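Data first, discussion second: the structure below is written as structure tokens.
For clarity, every value in this text was computed on a predicted model and none was experimentally measured. In what follows, every chain begins at residue 1, and chains take the letters A, B, ... in the order their sequences are listed.
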Protein chains: 2
Amino acid sequence: MKTAKVRLFVDQPLGQGQSVVLIREQAHYLFGVMRLGLGDMVALFNGRDGEWQAEISETGKRGGELICTTQSLTQYDPPDLWLLFAPIKKARTDFIVEKAVEMGARRIMPVQTAFTNSDRIRQDRLQAHAVEAAEQCRATFVPDVIELQKLDRLLSDWPPERHLMFCDEARAGEVAGLPDLPGPWAILIGPEGGFSEAERSRLSGMGNAHPVALGPRVLRAETAVVAALTVWQQALGDWR
Amino acid sequence: MKTAKVRLFVDQPLGQGQSVVLIREQAHYLFGVMRLGLGDMVALFNGRDGEWQAEISETGKRGGELICTTQSLTQYDPPDLWLLFAPIKKARTDFIVEKAVEMGARRIMPVQTAFTNSDRIRQDRLQAHAVEAAEQCRATFVPDVIELQKLDRLLSDWPPERHLMFCDEARAGEVAGLPDLPGPWAILIGPEGGFSEAERSRLSGMGNAHPVALGPRVLRAETAVVAALTVWQQALGDWR
């Protein structure tokens, strides 16, 4: 059996002998860009059924078909961790989404804070970016990217059982570690301008929000995302 | 006193009353791009004397002068940690240099491994990138970026007292923590293709090389850099 060099997310059921029909873009990618043909293997995942090796059984300009042969990875979901971040410049926002997938966030939630520059995102583009990142890093899970929402409103409806790791650059250099509390968590990374005083005092007043310092240097938002996810995964997540 | 909004690295001595002469590019940046003028304040650092507030005392198209007034940050050097990495695509290599500065590496060393794609780097461009990153993250220290060298040769002359944290993506999912050993350290991040068998066995044979796993997912090189620096700084560095 040849080994699959290409990994593809498909929004269809996967399983032994299951046939998977390709849409036009996928056919273009596999046959046009990657130059695969009949009998070649592709690794498929759908975010639910693990990863499957599938053989190309039909090719075409507008579509094609594959047949699943063997499961190569069982489904693996990251811990119940949300990532909340204030969107920044386009390339760096893309980067944050990519890193959140690699580092194992369950849900990606762009939030609008008092000092956030952008007031809209392209949710569909960011979701596609999350799919690509999962294809690259051999993940079997793809986090949902939620539409941009106001931090204020999100905190008003905050689920009481979910802890919030609140990374505040105003605390750079302080010693403020992550408390060892089980249960669902979220990480909140502020915008380049930091949080407003109102936001900071609101967060301080929440019983389940925990300020955490990320070292003595000021980190850019996308660096803080990877660093915070590392701290969390090491202490409470699937790096243990 | 007005507060400096601009931060600039200058390769000149800084101290009370010290005058600093600008070169053409710096004058263009301060007066042309940032539109600063006589009497405006700039934050200066040189990698040795901390950060100083300096007042613009002379402006011109080809130069200018500033006078240091007060020290705003004392000099702060990161721990004795080298970052070794295999250069990848241009934008992502730039990113690695930027992140190494933010995360507090003392020295940045691109290395050529068996599976490294590129066989040269633009050392001067990467060094300039490190300076820019330090300007951005309020660091007072700028790590040296060393010319590309072969990993093989570097390991042949490896200083016996320096520990090496060796991040091997082949170990994704294993539990392999960082040993709590004092002294100078280095972090080695492999190329996208991983290490060769020869490299892996050579590293395994070194008494001061310690394999460390970075979670269950495969990380891209630039993600691994931030994650590994977080792990090290938390356990042994200046995040404690």
Side-chain angles (χ1 to χ4, degrees), chain A residues 7 73-74 76-79 91-92 94-96 98-105 132-141 143 167 169 171-178 192 212-235 237-240, chain B residues 7 73-74 76-79 91-92 94-96 98-105 132-141 143 167 169 171-178 192 212-235 237-240:
Chain A
R7 237 180 145 245
L73 288 174
T74 54
Y76 177 74
D77 296 341
R92 291 193 190 251
D94 289 354
F95 209 84
I96 286 176
E98 179 182 306
K99 296 313 153 209
V101 175
E102 282 176 57
M103 295 296 302
E132 256 176 66
E135 286 172 345
Q136 280 267 351
C137 76
R138 266 205 110 191
T140 48
F141 180 85
C167 302
E169 63 169 38
R171 285 180 186 260
E174 284 181 37
V175 175
L178 186 65
E192 310 258 301
V212 171
L214 299 173
R217 284 159 294 269
V218 176
L219 304 183
R220 299 184 79 138
E222 73 276 7
T223 319
V225 164
V226 179
L229 280 159
T230 303
V231 168
W232 192 89
Q233 292 286 18
Q234 268 205 122
D238 61 18
W239 286 35
R240 283 174 300 178
Chain B
R7 238 180 144 242
L73 288 174
T74 54
Y76 177 74
D77 296 341
R92 293 194 188 250
D94 290 354
F95 208 85
I96 285 178
E98 179 183 306
K99 296 312 154 210
V101 175
E102 283 177 58
M103 293 297 301
E132 255 177 67
E135 286 172 346
Q136 281 263 352
C137 76
R138 264 205 111 193
T140 49
F141 179 86
C167 303
E169 64 168 41
R171 284 178 188 263
E174 284 180 36
V175 176
L178 186 63
E192 310 259 299
V212 170
L214 299 172
R217 285 158 294 270
V218 176
L219 304 183
R220 297 182 80 135
E222 71 277 5
T223 319
V225 164
V226 179
L229 280 158
T230 303
V231 168
W232 191 88
Q233 293 287 18
Q234 270 206 121
D238 62 15
W239 285 35
R240 283 174 299 179

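- Contact of the B:L219 side chain with the A:M103 side chain is registered, since non-hydrogen atoms from C-beta on lie closer than 4.5 Å.
- The heavy-atom pair separating A:W239 from B:V231 by the smallest distance is CZ3-CG2, 4.2 Å.
- You'll find the side chain of A:E222 stays beyond 4.5 Å of the side chain of B:E222, heavy atoms only.
- Atom CD of residue B:E98 and atom OG1 of residue A:T223 lie 6.5 Å apart, to the nearest 0.5 angstrom.
- For chain B, the option among A:G104, A:P78, A:A139 with the highest count of heavy-atom pairs below 4.5 Å is A:G104.
- With rounding to the nearest 0.5 angstrom, the CZ atom of A:R217 is 10.5 Å from the CZ atom of B:F141.
- Counting all heavy atoms, side chain and backbone alike, B:P216 lies closest to A:Y76 at CG-OH, 4.0 Å.
- Ranked by heavy-atom pairs under 4.5 Å with chain A, the list B:R138, B:R92, B:Q233 is led by B:R92.
- Only the side chain of A:Q234 comes within contact range of chain B, judged by heavy atoms closer than 4.5 Å.
- The heavy-atom pair separating B:C137 from A:V218 by the smallest distance is CB-O, 3.2 Å.
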